[in-house]
Structures are given as C-alpha cells and as structure tokens.
Amino acid sequence: MAASFARGRCVGSDLLRPITRRLFPPPLSSPSTSRFSLSLSTATEAGHPLRVISLEGLGLDTSGAWKQVVHQVQGVFEESRATGLACFYLDAGSIVPKESIARGYENLKAFHGLSDEVKVKYHSTRSRISRGWVPLFEEPAYEQKVSHVEAFDLGMEVSEEDAAGDPGIGPNVWPSELKSFRKEVYGLYQELTDVSDVLFRIFAHALELEDLDSLGRHSTTKARSVMRLLRYPPETVQVVVQDDGKDIGISAHTDFECFTLIHQSAKGLQVLGADGRWVEVPPLPDSDTSFVVLIGDMLECWTNGELLATPHRVVRPKDGRERMSLIRFNGLDNDTLVLPFPKFGKPKPKYERGIRQGDHLQEAADKAQKNTERLLEKGDLPPSKYSAQNSAKTL
Ligand SMILES: O=C(O)CCC(=O)C(=O)O
Ligand SMILES: [Fe+2]
C-alpha cells in the first residue's frame, strides 16, 4: 500500500536465499535446563508451526522474566539458521487485553460493513499519506498477482503542522459514522505501540547489542508504523480475476519495516521457509491474545542478513467465511539509515549502502505500482471504481 502502501516487496526466486553462516551468540543458558527448552517441546507437542513466547510477567527490569524472553527469542534466531524463519508467536495478553482485540475486530467489521458510498469518503487516495479505506482490488501488487483484500489503514496521529510534509506521517482519517471507532481502534494502536517498544528492546538484547535502545530510538512518534484492519472475502465470493489466482488473499512479500505483529480471526497466513515450502501459521487455538511476529527488511539489514525478513502471503478462506486480521507494522523514522551493525561483520553487498526507511517504502510503492499497471494492461485487474489509480502512489 502507499502509506496504505507500506507493505512488502515483490518476491520470487530471491526468497529462496541460501542459509549462510550466522553469527548469533549461543543461548544465554543451557537449553536443557531453561524454560526455553520446555516451551519448545510444548510448542512442538501442541503441533504449533512456530515457537510461542509470552510477555506475561515481564517487568521493567531486565532480569527474571525479561531474561527468559530474551533467551527464547535467541532460540528462535538460532533455529532460523536452519529454517530461514526468525518468526514466532507472541502472547501479548499482558499488554493488549483480549477485550481490546475483540473491539478491534468489532470496529473492523463495522467499518467494512458500511456501504461503499460511505466508505469512499474515507478512500485512502483522499489522504496525503494514504490513510483510510483501500477497497478490494486496490491493494498494491507485490507480485504480478491480484490480491483479494480490503483494508482500513491508520498510523501515529501527527498533525499536518508537525508532519511538515514528511512522507507517510500525518493525521489519520476517522469514520464519523462509527462513534467509538476512533477511541477503540487508536487505543489498540497505542497498546500495540507499547508491545513494539518492548520488542525493540528485547530484539536489541537478543542480538547482544550493548545499548538496548539501539533499535527503538529510531522508532519515535514519527515512525512509519501503520496499522491495518484487513478483511478477506472468502473464495466463494467475488471472483473477477484469472482463475489460477482466485485463492490469493495477499500476494507474497516481505514487510518493509522492522517487524510486524499479526492477529488473525482465521487461518490463511503462510510463511516461506528456506526449503522453499510454505508453512501455514494459523491462529493459536488456545490463546486469543497471540500475535505472529514477522521480521521485516530493516531488521534484516541491521543484522547483515543474519535474520532474514519473513516472506509471507495470505490465502483466501475456502470455508465460505471471511477472514479478518489486525496488522501492526513497526517501522522507523523516515530518515533512519539502517546499516549492518559492525558486530555482524563486513556488510554484504546487498546491505553495504544501507537502507533508509522512507526511501525503502517509496521504492516499494513504485515497484508495486508498476506491477499494478501491468496487471491492468493484461486485463487481470479490474480498474478502480473509486480512484484514477488502483494503488495509491503517494506515501
Ligand atoms: O492479513 C495478514 O495476515 C497479513 C497481511 C500482510 O501481510 C500485510 O498487510 O502486509
Ligand atoms: Fe505483510
């Protein structure tokens, strides 16, 4: 999406990157005696595709529960040497109560349930920074494929005066028809900001960076951190694209920010392992406050590719029911130039010039726009009913 863009980059064979030697430190304590090994076996026994890490009991001090979480995250990073997947489930219930998540879904349903005539007032192309409604068939094309998803996008609330024209930063749009939407949805956004702040520090600790604010200090109140309320119609509904692509909810991509939190009402999310196989990552049956944490492009660059951004996609629901998801991207300030930390060795050619968060998002938007134009030319994508272009170009 353009701010509604912020999403992933196109992927193809370059997703199948070879697993190179990694530099992660060994876990903080012996896995045989730690909670880490217990939670790994529990996760495996429970048949979860990814490790489950909980923020329960986490205090402000970096001992006790904090160390356990760091240790578990290190375990995930360590395992990703073989699997390519440095992603995991995070139970964030101690920061984001289940009621907030439930209200998030209620508001998502209420917004997407409004008529198109009402929703078009909030069309993302009417916002300088692409906040608001992204109708079906207007999702940026990360691949040469048509996505089947409708979105409402928001981010940090910044006045136009404070934004001073910065790309991707500015005021949100709020549907006046839904009285509690703003308060509840922005409340959830703020709780997710708290989770994000903790995770930035946990990641810094797990990577054994000396300063725990090394990452998070670049994600201020002007960070490119968008939240999306996504609705995927089931495959049984509204198929106007080529037959072989009818099951695509969102085409394959990695996210452009540092990391992403995903809460889903139903299965559909898949991540791509180093062996080239797509792994289903369904919601956890026993936890309604668990998010999937995906690694984004900026963290990949910071670690010189020790952590790989997680390729992912969504397949459409086949059971006749819609799928909903609450997505929170955790990005950096526009001007942040990310270069590999020296401890990860000589920067690889891919990262040696660094990546600037704002530029990266813009390049991705431009790339997706080109894909969209090609799809339109081929007649695979229906032209937008609401705007001159199918995906917003401005960030
Ligand atoms: O709906 C989901 O689970 C994932 C959405 C996604 O990948 C994105 O918006 O970048
Ligand atoms: Fe994504």
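None of the values given here were measured: they were computed from a predicted structure. Both ligands and their constituent atoms are indexed starting at 1 by order of listing.
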- Atom of His253 closest to the Fe ion (ligand 2), considering N, O or S atoms: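 Looking only at N, O and S atoms of His253, the one nearest the Fe ion (ligand 2) is named NE2.
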
- Query: Looking at the Fe ion (ligand 2), which N/O/S atom of Asp255 is the nearest one?
  - Reply: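 Restricting Asp255 to its N, O and S atoms, the minimum distance to the Fe ion (ligand 2) goes to OD1.
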
What are the atoms of ligand 1, with element, lying closer than 4.0 Å to any heavy atom of [X]?
X: Ile262; answer: 3 (O), 4 (C)
X: Ile250; answer: 5 (C), 6 (C), 8 (C), 9 (O)
X: Tyr232; answer: 1 (O), 2 (C), 4 (C), 5 (C)
X: Phe329; answer: 8 (C), 9 (O), 10 (O)
X: Ile327; answer: 1 (O), 2 (C), 3 (O), 4 (C), 5 (C)
X: Arg228; answer: 9 (O)
X: Leu230; answer: 1 (O), 5 (C), 9 (O)
X: Val314; answer: 1 (O), 2 (C), 3 (O), 4 (C)

- Task: Taking atom NZ of Lys378 as the centre, report whether more than 12 heavy atoms of other residues, nucleotides or ligands fall under 6.0 Å from it.
- Result: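 Yes, because the 6.0 Å sphere around NZ of Lys378 holds more than 12 heavy atoms from other groups.
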
- Judging by distance only, is a nitrogen or oxygen of Tyr142 under 3.5 angstrom from one on ligand 1?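 In this structure, Tyr142 places no N or O atom under 3.5 Å from an N or O of ligand 1.
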
- Query: So is Asp255 polar-close to ligand 1, meaning N/O to N/O under 3.5 Å?
  - Reply: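 In this structure, Asp255 places an N or O atom under 3.5 Å from an N or O of ligand 1.
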
- Just say parallel, tilted or perpendicular for the rings of His123 and Tyr386, cut-offs at 30° and 60°.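 Plane angle between 30° and 60°, so tilted.
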
Under a 4.0 Å threshold between the charged nitrogen and the carboxylate oxygen, would [Y] count as salt-bridged to [X]?
X: Asp213; Y: Arg201; result: yes
X: Glu300; Y: Lys350; result: yes
X: Asp211; Y: Arg217; result: yes

- Query: Within 45 degrees of the axis of the six-membered ring of Tyr189 and under 6.0 Å from its centre: does Arg328 put its NZ or CZ there?
  - Reply: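 Yes; both conditions hold, so Arg328 lies above the ring face of Tyr189.
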
- Message: Using heavy-atom distances only, which candidate in His312, Met324, Arg323 approaches atom 3 (O) of ligand 1 most closely?
- Response: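 Heavy atom nearest to atom 3 (O) of ligand 1 belongs to Arg323.
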
- Looking at Phe259 versus Phe200, is the centre-to-centre ring distance below 6.0 Å?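 Yes; Phe200 has its ring centre under 6.0 Å from that of Phe259.
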
- Are the aromatic rings of Phe137 and His148 close, with centres under 6.0 Å apart?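 Between His148 and Phe137, which both carry aromatic rings, the centre distance is below 6.0 Å.
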
- Query: Sub-3.5 Å donor-acceptor pair from the side chain of Ser265 to the main-chain atoms of Arg323, do we have one?
  - Reply: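 Flag not set: sc Ser265 to bb Arg323 has no pair under 3.5 Å.
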
- Under a 4.0 Å heavy-atom limit, does Val149 contact ligand 1 with its side chain, its backbone, both, or neither?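 For Val149, no heavy atom sits under 4.0 Å from ligand 1.
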
- Where does Arg313 meet ligand 1, judged by heavy-atom distances below 4.0 Å: at the side chain, the backbone, both, or neither?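 Neither; no heavy atom under 4.0 Å.
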
- Message: Let me check something: do Val146 and Val315 share a hydrophobic cluster, defined by ILVMFWY side-chain heavy atoms less than 4.5 Å apart, either directly or through other members?
- Response: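 As far as the 4.5 Å side-chain criterion goes, Val315 and Val146 are not connected within one cluster.
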
